[in-house]
Amino acid sequence: MAKTEEKLGHIAVAKRLLLEVVNAHPERVNDLLIAGDLFMRTNDVQQGLSLLQRAEAKQPSAHSELLIAIAYMKLKDPARAKAMVDQVRRRYPKNTDVYRAVATLQRDEKDYAGAIATLSSAPPQKAEVLSDLGST
C-alpha cells in the first residue's frame with residue numbers, strides 16, 4: 001500500500017504506513033530498508049539513515065550499507081560515506097553489483113576518474129560492468 005501511495009504522490013501517507021509496519025514488526029529488515037529509502041528520497045535523510053542503520057544492525061548487507069553511504073553523502077559527510085563504501089568493498093570483494101553501485105555514487109559526485117577506476121577493478125568483467133564503464 002505504501003508503494004501505491006507513494007506513486008500517487010501521497011508521500012506522507014506512504015511514510016505513515018511504512019512506520020506503522022516497521023513499529024508493528026521491527027524484525028522485518030526489508031520493510032526497514034524500504035522505509036529508509038523512502039525517507040531519504042523525500043529529503044528526510046536523518047530519519048532514513050536511522051531506519052537503515054536499524055536494518056543494518058539486524059541483518060548486514062551490501063544493499064543497506066550502500067544506502068547508508070548515500071545517506072552520509074546527502075548529509076555532506078563524505079568521510080563516513082567513503083568509510084561505508086570501503087567497508088562494502090572489503091566485505092563483498094567479488095560482487096560486481098557493489099562495484100557498479102559504488103561507481104554510480106562516484107558518478108553522482110562527478111568523480112568520473114574514480115568511477116572508471118572502480119569499474120576497472122571489478123573482478124569478473126561482466127557485460128553490465130563493461131556497459132557502465134563505457135558510459136562513464
Side-chain angles (χ1 to χ4, degrees):
M1 287 177 60
K3 287 281 192 186
T4 301
E5 293 295 343
E6 179 188 0
K7 294 286 184 200
L8 292 171
H10 306 147
I11 304 302
V13 174
K15 285 180 176 180
R16 182 182 52 77
L17 288 170
L18 283 169
L19 287 177
E20 285 177 14
V21 169
V22 165
N23 290 331
H25 304 282
E27 73 285 353
R28 291 172 53 171
V29 173
N30 195 45
D31 293 331
L32 285 165
L33 292 172
I34 292 169
D37 182 50
L38 175 63
F39 275 82
M40 277 194 348
R41 286 186 289 109
T42 57
N43 295 321
D44 191 349
V45 181
Q46 198 60 55
Q47 176 72 20
L49 177 60
S50 174
L51 291 162
L52 294 169
Q53 287 171 329
R54 284 174 52 192
E56 175 67 12
K58 291 183 183 314
Q59 183 179 346
S61 71
H63 181 72
S64 61
E65 291 167 358
L66 288 170
L67 286 173
I68 290 169
I70 292 168
Y72 285 136
M73 288 176 66
K74 288 182 177 230
L75 290 171
K76 308 290 189 234
D77 191 346
R80 289 177 89 178
K82 183 179 180 334
M84 285 303 297
V85 166
D86 291 343
Q87 176 180 314
V88 175
R89 289 174 79 178
R90 278 191 310 276
R91 239 185 233 184
Y92 309 97
K94 295 185 178 172
N95 186 338
T96 56
D97 290 336
V98 168
Y99 287 81
R100 293 179 67 214
V102 170
T104 298
L105 291 174
Q106 291 169 315
R107 280 193 303 268
D108 289 348
E109 292 296 307
K110 309 289 189 246
D111 179 12
Y112 300 109
I116 290 169
T118 296
L119 291 167
S120 296
S121 68
Q125 294 288 319
K126 293 182 178 176
E128 299 88 12
V129 173
L130 294 174
S131 173
D132 284 354
L133 186 58
S135 68
T136 301

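Only this structure's heavy atoms are used, side chains among them; waters, hydrogens and symmetry mates stay out.
Looking at Ile11 and Glu6, their side chains come closer than 4.5 Å, going by heavy atoms from C-beta outward. A heavy-atom distance below 4.5 Å is found between the side chains of Leu51 and Phe39. Using a 4.5 Å cut-off on side-chain heavy atoms (C-beta onward), Leu32 and Leu52 make no contact. Looking at heavy atoms from C-beta onward, Pro26 lies out of side-chain contact with Val22 at the 4.5 angstrom threshold. Considering only heavy atoms from C-beta on, Leu49 stays 4.5 Å or farther from Met40 through its side chain. Using a 4.5 Å heavy-atom cutoff, the side chains of Val102 and Val88 are not in contact. Taking 4.5 Å as the limit, every side-chain heavy atom of Gln106 sits out of range of all side-chain heavy atoms of Tyr112. Looking only at side-chain heavy atoms (C-beta outward), Leu38 and Ile34 stay at 4.5 Å or farther from each other.
One finds the CD atom of Glu5 at 14.0 Å from the NZ atom of Lys15 (value rounded to the nearest 0.5 Å).
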Show the atom names and distances, to 0.1 Å, of all donor-acceptor pairs under 3.5 Å that link a side chain in residues 127-136 to residues at least two apart or in another chain.
| unit_1 | atom_1 | unit_2 | atom_2 | d |
| --- | --- | --- | --- | --- |
| Asp132 | OD2 | Arg100 | NE | 2.7 |
| Asp132 | OD2 | Arg100 | NH2 | 3.4 |
| Ser135 | OG | Ser131 | O | 3.4 |
| Ser135 | OG | Asp132 | O | 3.1 |
| Thr136 | OG1 | Arg107 | NH1 | 2.8 |
| Thr136 | OG1 | Asp132 | O | 2.8 |

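Across every non-hydrogen atom of Tyr99 and Leu119, the tightest pair is O-CD2, 4.1 Å. Here the shortest heavy-atom pairing between Leu33 and Ser64 reads CD2-CB, 3.5 Å. When every heavy atom of Ala71 is checked against every heavy atom of Val45, the shortest pair comes out as O-CG1, 3.6 Å. When every heavy atom of Ala69 is checked against every heavy atom of Ala81, the shortest pair comes out as O-CB, 3.4 Å. Heavy-atom minimum distance, Ala103 versus Thr118: N-CG2, 4.2 Å. In terms of heavy-atom proximity, Pro93 sits nearest to Pro123 at O-CG, 3.2 Å.
Arg91 meets the salt bridge (Lys or Arg N to Asp or Glu O under 4.0 Å) test with Glu56, Glu65; sequence neighbours excluded.
Both Met84 and Ile70 are part of a single hydrophobic cluster, where members link through side-chain heavy atoms under 4.5 Å apart. Transitive grouping of hydrophobic side chains (ILVMFWY, heavy atoms separated by less than 4.5 Å) brings Leu75 and Met73 into a common cluster. Note on Leu67: it clusters hydrophobically with Tyr92, by side-chain heavy-atom contacts below 4.5 Å among ILVMFWY residues. Under a hydrophobic-cluster definition in which Ile, Leu, Val, Met, Phe, Trp and Tyr are linked whenever side-chain heavy atoms come within less than 4.5 Å, directly or via other members, Val13 and Met1 are assigned to the same cluster.
A salt bridge is defined here as a Lys NZ or Arg NE, NH1 or NH2 lying under 4.0 Å from an Asp or Glu carboxylate O, and Asp86 with Arg90 fails to meet this definition.
Residue pairs meeting the side chain to side chain donor-acceptor pair (under 3.5 Å) criterion with at least one partner in residues 45-54, sequence neighbours excluded, are Gln53-Tyr72.
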